[in-house]
Asks: 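Got a structure here, written out as structure tokens. Questions coming.
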Amino acid sequence: MPGNGAQRGQRAQRGQRGPWSRRSAWSRRRPRGQGGRRGRLGSAAASLIAGAVVAALLPLTGGGAAAAGKADGSPKARVGTDAAVYPVKEGRTARVRISVATTGSAPVDEPVTVDYTTEGDGGTATSGEDYRPVRGSVTFPAGTASGTSRTVEVVTARDGGAEPAETVPLRLTVSGAEAPAETPRIVIDAHGLPYLDPKLPVRQRVKDLLSRMSLEEKAGQMTQAERNALTSQGDIAAYGLGSLLSGGGSVPTPNTPEAWARMVDAFQLRAQATRFQIPLVYGVDAVHGHNNVVGSTIMPHNIGLGATRDPRLAEKTGAVTASEVRATGVPWDFAPCLCVSRDERWGRAYESFGEDPALVTAMETVIQGMQGAPSGRDLDRRDKVLTTAKHFVGDGGTGFGSSTTGSYTIDQGVTKVTREELEKIHLAPFQEAVDRGVGTVMPSYSSLDILGDGRAPLKMHADGAMIDGVLKDRMGFEGFVISDWQAIDQIPGDYPSDVRTSVNAGVDMIMVPTAYANFHTTLVDEVKAGRISRARIDDAVSRILTAKFRLGLFEKPYADTSNLDRIGSAGHRAVAREAAAKSQVLLKNDGGVLPLKPSQKVYVAGSNADDLGNQTGGWTITWQGSPGRNTQGTTILEGMRKAAGESAITYSKDASAPTDGYDAGVVVVGETPYAEGVGDVGNGHDLRLSEADQAAVDRVCGAMKCAVLIVSGRPQILGDRLGDIDALVASWLPGTEGGGVADVLYGKRAFTGQLPVTWPRSEAQLPINVGDAAYDPQYPYGWGLTTSARAPRADGAERLKELAAEAEAARKEGRADSAKGRAIVTAARLVVQDRVGQRITPAVAKPFAEADHLLLGGDAAGAVRKLTEAYRAAG
């Protein structure tokens, strides 16, 4: 979903996430108020906004042409105010601080005079009735220190009636310096209206507010713009924007949690200058932690979480992410991705929990971790966020070669399925999300082609039968639908057609994200022309307002920064470390190479052993991610050194150092970061190790017992090298806590992970998935050895009979889908894996994979029967 604008220059075609116009080659994305309730900022929020204003002034006073002073007599000083908007409760006094600043902080070298007045056109408040008019001037004599300020007070009147917010411009005329670029505006808070009463039911508040809004204000609520696209921050109020977002890599400077809170608060302050002071709902792609923010806790990507098979842990990771996101003032996360990835060639495969809809559904506990109770009652907490189920529907099933977006090969392509396949594979996770109370849903860029329905493939953003008919009507989704980044532009037709088609299909808010003025005008025109009904608009805006009320934004629009110190904290990193450890899948362990002992001398090599950016993957600090130390964390090598000591480890990235005298080698190889279709196989990517990685594996594994760790977003094809590798680990993309990987390498934790996707023998087999009629993988779905215990060898068949009886008893007791059922099936799986070893045949692989699918569906007894079938096939 959204990538960033200015930092995403590589997006090369219409439909990709670029920063410019909707049809360009780079288009597509992904002071303290004195008032009451909303007008009064807490001390933390006030300091954040003041800090944002100072930061905004610095470039202007520290060296522009105007500030530098030239021979042509241009001023050397600049006048500014501590904010552009001053919300104040009716009857209170607004205080506007006027400051003068100079280049290099030198004293003012000539007098600066500022005349001010509240009289004139432009405000909505009535002079003498709503406020006491003021007029006067302040002078900063020559020699005044840079940064000196004077305060102008505007007293508002209390009339006791109920009314919307009203504005009072404070006009400034400056001589001897450059004037502010914007006229500061006092806003007398809306008061006495029913929608402002937090004691009323949300439904009643929404109905009251909706009845007061103009069509233009409603259109504003349906508009989401990217922060970097704003021509002026004043456009937030001018268009009544409902939402802003940060695309991938769209960050404040500096990129710190504190700066994020200041930035979002400054945007929220602007929304207070509207009639009804409807707060913004700010959104980000925090898809594996608050991944845009340097220093945040970065979790394993979803594919790694799927490997843990631990729904409770998924919920914990969601809770950590939500806490860190909300602490920066952001109440909305465009996650989780509920795609069911059916082809490893897809550049978004790692965003999926796995290839089995039963696994994806099981891991949706992450929604509760992020959002809380399904009713939405927890959304106003300082550690919860509004969630987004994406991408509806079928994005994981697009056919290779079906994409028409630039050089993409599979992402944003066409999903061809029967109606039954659509229901069982792709729709099932969304029904679960709706049942869990997910707050928003995002349609996919892809098209859906339901075989046999006589209809041509249709872009999901235009598919009213699916969005309105299935999602909203049949499934009962009550939240709002948010488009993907500039996705409506991919609908055939001109722009007005794109707008009306998507909105009529059931999309409630459009991630424009750049041409917000054009979208706003077009939407209003389409309604006035009768091509979009006012009832459709009211439905969309009601859904959006409901979310804002439930988030508590009307009462607390600004960041609650009390959890800022938890971002990247030891407690949060401990959760990420546990997730990293449990995500590791041990595929092979001949000779018991793993776990290592701290006393062993270990030779470490490979491109991903000491690269934090590679192990965190895409969607980390920037949209595409990047190799190198791009944030704070622990690499796998650093984790190993902490576990065993510096003297026990020798590191040679390319394995060029001498290899004599070591007890074991660990080679950490795999992929470099990518995101979305940029990572599609055939778009500059394949599923083979780089030549350098292959050489490192060959050199180390040819010299000593070795373990190979593959750090990647999807399986890698090993070919004939597998026979020379003693131990093989699918490490996925473990996030910032490489210590978790070291924990299983050195036996602090046992390997317990299982494959969330099928590991193919060759790229020619793709797509290959559990349940296929022909199924001959390198390793089947659900495969995963353990170092916690050894399964019995001699009496495996008898042991399986005992476990089958236990599973049947658990079924009768109603515990088949409980921890008891999973423990029984795990024991059976270990028996089978112990017998099979590396002799995985189609007769073994097919029932083995299907067993895990049955277990996730609550059928432990059926899973044991399948495993028994696999055991017998092993001979």
Side-chain angles (χ1 to χ4, degrees), residues 1-30 247-249 285 287 337 339 341-352 390-391 394-416 443-449 457 459-461 484-492 511 513-514 614 617-620 622-627 670-691 712-717 763-764 766-767:
M1 172 352 325
N4 176 36
Q7 287 79 11
R8 268 191 341 264
Q10 293 84 4
R11 299 195 179 202
Q13 297 290 337
R14 179 174 183 255
Q16 292 179 268
R17 297 177 188 177
W20 313 121
S21 64
R22 66 177 293 270
R23 297 294 182 186
S24 74
W26 298 91
S27 68
R28 204 200 94 106
R29 339 237 187 261
R30 252 273 150 187
D285 282 282
V287 299
C337 185
C339 50
S341 177
R342 306 292 284 179
D343 193 327
E344 279 67 57
R345 291 171 292 188
W346 188 33
R348 306 190 75 148
Y350 64 77
E351 294 188 50
S352 172
K390 63 184 189 184
H391 303 88
D395 56 333
T398 50
F400 187 79
S402 67
S403 181
T404 57
T405 299
S407 56
Y408 292 4
T409 59
I410 187 168
D411 189 34
Q412 303 184 24
V414 180
T415 299
K416 292 186 177 183
S444 175
Y445 284 107
S446 58
S447 300
L448 185 61
D449 186 2
K459 282 288 184 182
M460 280 308 311
H461 281 76
D484 210 330
W485 179 286
Q486 211 163 314
I488 69 168
D489 289 15
Q490 295 190 10
I491 299 172
M511 190 182 294
T514 55
N614 285 358
W619 286 110
T620 307
T622 60
W623 174 45
Q624 289 293 313
S626 62
E671 296 185 303
T672 55
Y674 54 81
E676 302 186 41
V678 174
D680 284 353
V681 167
N683 188 22
H685 295 265
D686 55 41
L687 298 180
R688 295 184 297 273
L689 299 179
S690 69
E691 291 185 4
S712 65
R714 52 197 170 191
Q716 302 291 284
I717 306 300
E763 199 170 310
L766 297 175

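Note that the structure is predicted; figures quoted are calculated from it, not measured.
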Asks: Of the non-hydrogen atoms in Ala675 and Tyr350, which two are nearest, and what is the gap between them?
Replies: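 Shortest heavy-atom separation between Ala675 and Tyr350 comes out as CA-OH, 3.5 Å.
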
Asks: Can you check whether Val414's main-chain N or O pairs, donor with acceptor, with Asp449's side chain at less than 3.5 Å?
Replies: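 Such a contact is absent between Asp449 side chain and Val414 backbone.
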
Asks: Would you say the side chain of Gln624 lies within less than 4.5 Å of the side chain of Pro673, judging by non-hydrogen atoms?
Replies: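 Not touching, per the 4.5 Å side-chain cut-off.
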
Asks: State, with a plain yes or no, whether a side-chain heavy atom of Phe400 is found less than 4.5 Å away from one of Leu766.
Replies: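 Result no, sub-4.5 Å side-chain heavy-atom pair not found.
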
Asks: Enter the distance from Met511:CE to Ile488:CD1 here, rounded to the nearest 0.5 Å.
Replies: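 Spacing of CE (Met511) from CD1 (Ile488) equals 12.0 Å.
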
Asks: Sequence neighbours excluded, which residues qualify as side-chain contact (heavy atoms from CB on, under 4.5 Å) partners of Thr398?
Replies: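 Result, side-chain contact (heavy atoms from CB on, under 4.5 Å) vs Thr398: Ser402, Ile410, Thr415, Ser446.
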
Asks: Of the non-hydrogen atoms in Trp346 and Ser341, which two are nearest, and what is the gap between them?
Replies: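 Taking every non-hydrogen atom into account, CE3-OG, 3.9 Å.
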
Asks: So, do Trp623 and Asp285 sit near enough that their side-chain heavy atoms are less than 4.5 Å apart?
Replies: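 SC-SC contact between Trp623 and Asp285 ruled out.
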
Asks: Do Pro513 and Gln486 come close enough that some side-chain heavy atom pair is under 4.5 Å?
Replies: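 The answer is yes, as the side chains (C-beta and beyond) meet within the 4.5 Å cut-off.
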
Asks: Using only atom types and a distance under 3.5 Å, with no angle test, would you say the side chain of Thr409 pairs donor to acceptor with the backbone of Val681?
Replies: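 Side chain of Thr409 to backbone of Val681: a pair is present.
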
Asks: Measure the spacing between CZ of Arg348 and OG of Ser444 and express it to the nearest 0.5 Å.
Replies: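 Between Arg348 CZ and Ser444 OG, I get 8.0 Å after rounding to 0.5 Å.
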
Asks: In chain order, what residues pass the salt bridge (Lys or Arg N to Asp or Glu O under 4.0 Å) check against Glu671, with sequence neighbours excluded?
Replies: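 Once residues adjacent in sequence are excluded, the partners of Glu671 under the salt bridge (Lys or Arg N to Asp or Glu O under 4.0 Å) criterion are Arg714.
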
Asks: May I ask you to decide if Tyr408's main-chain N or O and Asp680's side chain share a donor-acceptor pair within less than 3.5 Å?
Replies: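 No, because the side chain of Asp680 does not come within donor-acceptor range (under 3.5 Å) of the backbone of Tyr408.
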
Asks: Measuring from Leu448:CG to Lys416:NZ, what's the distance to the nearest 0.5 Å?
Replies: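 Separation between the atoms: 12.0 Å.
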
Asks: With heavy-atom distances below 4.5 Å as the criterion, would you say the side chains of Lys390 and Val287 are in contact?
Replies: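 Yes, close enough: below the 4.5 Å cut-off.
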
Asks: Asp343: which residues meet the salt bridge (Lys or Arg N to Asp or Glu O under 4.0 Å) condition with it, sequence neighbours left out?
Replies: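 Asp343 satisfies salt bridge (Lys or Arg N to Asp or Glu O under 4.0 Å) with Arg345 only.
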
Asks: Of all the heavy-atom pairs spanning Ser447 and Lys459, show the shortest one and how long it is.
Replies: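 Looks like OG-CD, 3.4 Å.
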
Asks: Taking all non-hydrogen atoms of both residues, which atom of Cys337 and which atom of His391 are closest, and how far apart?
Replies: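 Minimum heavy-atom contact is SG-ND1, 4.2 Å.
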
Asks: Mind checking the CD-CG spacing from Glu676 to Asn683? Nearest 0.5 Å is all I need.
Replies: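 One gets 12.0 Å once the value is rounded to the nearest 0.5 Å.
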
Asks: Could you give the distance from CD (Gln716) to CG (Leu689), rounded to the nearest 0.5 Å?
Replies: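 Gln716 atom CD to Leu689 atom CG measures 6.0 Å (nearest 0.5 Å).
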
Asks: Please round to the nearest 0.5 Å and tell me the distance separating atom CD1 of Ile491 and atom CE of Met460.
Replies: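 Here the rounded value is 10.5 Å.
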
